Undergrad: 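One structure follows; several queries about it will come next.
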Amino acid sequence: MVNILPRDFYARPTLTVARELLGARLVRILDGVRLAGIIIEAEAYVGEEDLGCHARSGKTKRNAVMYGWAGHAYVYFTYGMHWMLNAVTEKEGFPAAVLIRAMQAVEGQGIISARRQGRDINGPAKLTQALGIDASLNGASLYDSSSGLWIEAGTPVAGSDIITGPRVGLDTVPEPWKSMPWRFQLRRR
DNA sequence: AGCACGATGCTCT
DNA sequence: GAGCATCGTGCTT
């Protein structure tokens with residue numbers, strides 16, 4: 001049975017969505033083959049007030065998708081070579097998203113491993129490289145399988161299995177945003 | 001196991 | 001022109 005998370009799932013507070021995406025199944029159809037992983041790490045980026053968020057300076061061409069409908073993919077390019085996958089959250093007009101940072105491969109592991117040349121997939125740019133996610137998926141619907149990229153409900157995760165901490169890579173971001181505990185990880189089993 | 005650094009190009013000021 | 005929600009390599013402990 002297919003159980004794609006609906007748009008309403010994303011149209012909620014970003015911290016809630018980030019926590020609940022842990023344990024969910026990220027699915028990608030690449031060259032007609034189904035690849036999937038269980039999301040094990042995610043971070044919340046919440047509005048123009050959040051100085052760690054790309055929307056900190058208002059709407060731009062790059063971050064425009066974050067201002068749109070919840071449940072769409074915000075995919076951006078950084079460091080000259082890396083793609084990052086986010087799920088847009090909250091209500092239309094409020095710029096917020098969840099960065100998908102890591103997953104545990106559960107379908108198409110052979111292809112995923114080959115695409116990574118045997119290296120690990122524990123990291124936001126590694127994940128997008130493994131799944132073949134790039135600018136062509138910016139704005140794609142995550143609640144609709146026709147996009148080739150969606151998220152399915154997983155087994156519920158106990159709160160005691162979730163580790164929180166500060167977001168990664170915000171070295172030049174001022175406090176308190178730099179240290180907000182808006183990174184969520186599934187405890188290793 | 002951990003740290004430092006270079007790669008590499010797009011976006012916004 | 002500066003900075004970047006990173007990664008892989010290579011060198012040090």
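The structure displayed is predicted, hence computed values, not measured ones. Residue numbering restarts at 1 for every chain, and letters A, B, ... go by the order of the sequence lines.
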Undergrad: Could you tell me how far apart A/Met84 (CE) and C/dT6 (C1') are, to the nearest whole angstrom?
TA: 5 Å

Undergrad: Among side-chain atoms of A/Ser179 and A/Glu175, is any donor-acceptor pair under 3.5 angstrom?
TA: yes

Undergrad: Whole angstrom is fine here: how far is it from NZ in A/Lys61 over to P in B/dT13?
TA: 14 Å

Undergrad: Rounding to a whole Å, what distance do you find between A/Asn138:CG and C/dA5:C1'?
TA: 15 Å

Undergrad: Compute the ring centroids of A/Tyr76 and A/His54, then answer whether they are less than 6.0 Å apart.
TA: yes

Undergrad: Roughly how far, to the nearest 0.5 Å, is the CD atom of A/Gln104 from the CG atom of A/Leu26?
TA: 13.0 Å

Undergrad: Would you mind telling me which of A/Lys126, A/Arg187, A/Arg101 makes a salt bridge (Lys or Arg N to Asp or Glu O under 4.0 Å) with A/Glu41?
TA: A/Arg101

Undergrad: Write out the stems for DNA chain C, ordered by first number and formatted as range with range, counting runs of at least 3 consecutive Watson-Crick or G-U wobble pairs under 3.5 Å.
TA: B:1-7 with C:6-12, B:9-12 with C:1-4

Undergrad: Could you pick out which residue, A/Ala97 or A/Arg119, lies toward the 5' side of DNA chain C when each is mapped onto its nearest nucleotide?
TA: A/Ala97

Undergrad: Under 4.0 Å, counting only non-hydrogen atoms across every strand here, what does A/Thr60 touch: a base, just sugar-phosphate, or nothing?
TA: sugar-phosphate

Undergrad: Would you say A/Tyr45 stacks on C/dA5, if stacking means ring centres under 5.5 Å apart and planes within less than 30 degrees?
TA: yes

Undergrad: Would you kindly say whether A/Trp150 and A/Glu152 are connected by a side-chain donor-acceptor distance under 3.5 Å?
TA: yes

Undergrad: How close or far is atom P of B/dG9 from atom OH of A/Tyr76, stated in whole angstroms?
TA: 18 Å

Undergrad: Calculate the interatomic distance between A/Trp83 atom CH2 and C/dC7 atom P; express it in whole Å.
TA: 15 Å

Undergrad: Give the nucleotide from the list C/dC7, C/dC4, C/dA5 with an atom nearest to the side chain of A/Thr172.
TA: C/dC4

Undergrad: How close or far is atom P of C/dT6 from atom CD1 of A/Ile121, stated in whole angstroms?
TA: 17 Å

Undergrad: Determine whether the side chains of A/Tyr67 and A/Glu48 contain a donor N or O and an acceptor N or O closer than 3.5 Å.
TA: yes

Undergrad: Check the distance between B/dG9's P and A/Arg62's CZ and give it to me in whole angstrom.
TA: 17 Å

Undergrad: Strictly under 4.0 angstrom, non-hydrogen atoms only: write out the protein contact profile of nucleotides 2-7 of chain B, one letter per nucleotide from the 5' end, B, S or -.
TA: -----B

Undergrad: Looking at A/Arg116, I'd like to know whether one of its side-chain N or O atoms comes within less than 4.0 Å of OP1 or OP2 on C/dG8.
TA: yes

Undergrad: Would you say that more than 12 heavy atoms from the other residues, nucleotides or ligands in this model lie under 6.0 Å from the CG of A/Asp120, or not?
TA: yes

Undergrad: Side chain of A/Phe77, heavy atoms from C-beta onward: which of B/dG9, C/dA5, C/dT6 has the nearest atom to it?
TA: B/dG9

Undergrad: Is there a donor-acceptor pair under 3.5 Å between the side chain of A/Thr14 and the backbone N or O of A/Ala44?
TA: no

Undergrad: Could you state the CG-P distance from A/Asn63 to B/dC10, rounded to the nearest angstrom?
TA: 18 Å

Undergrad: A/Phe9 ring centre to A/Arg12 NZ or CZ under 6.0 Å, with the angle to the axis within 45°?
TA: yes

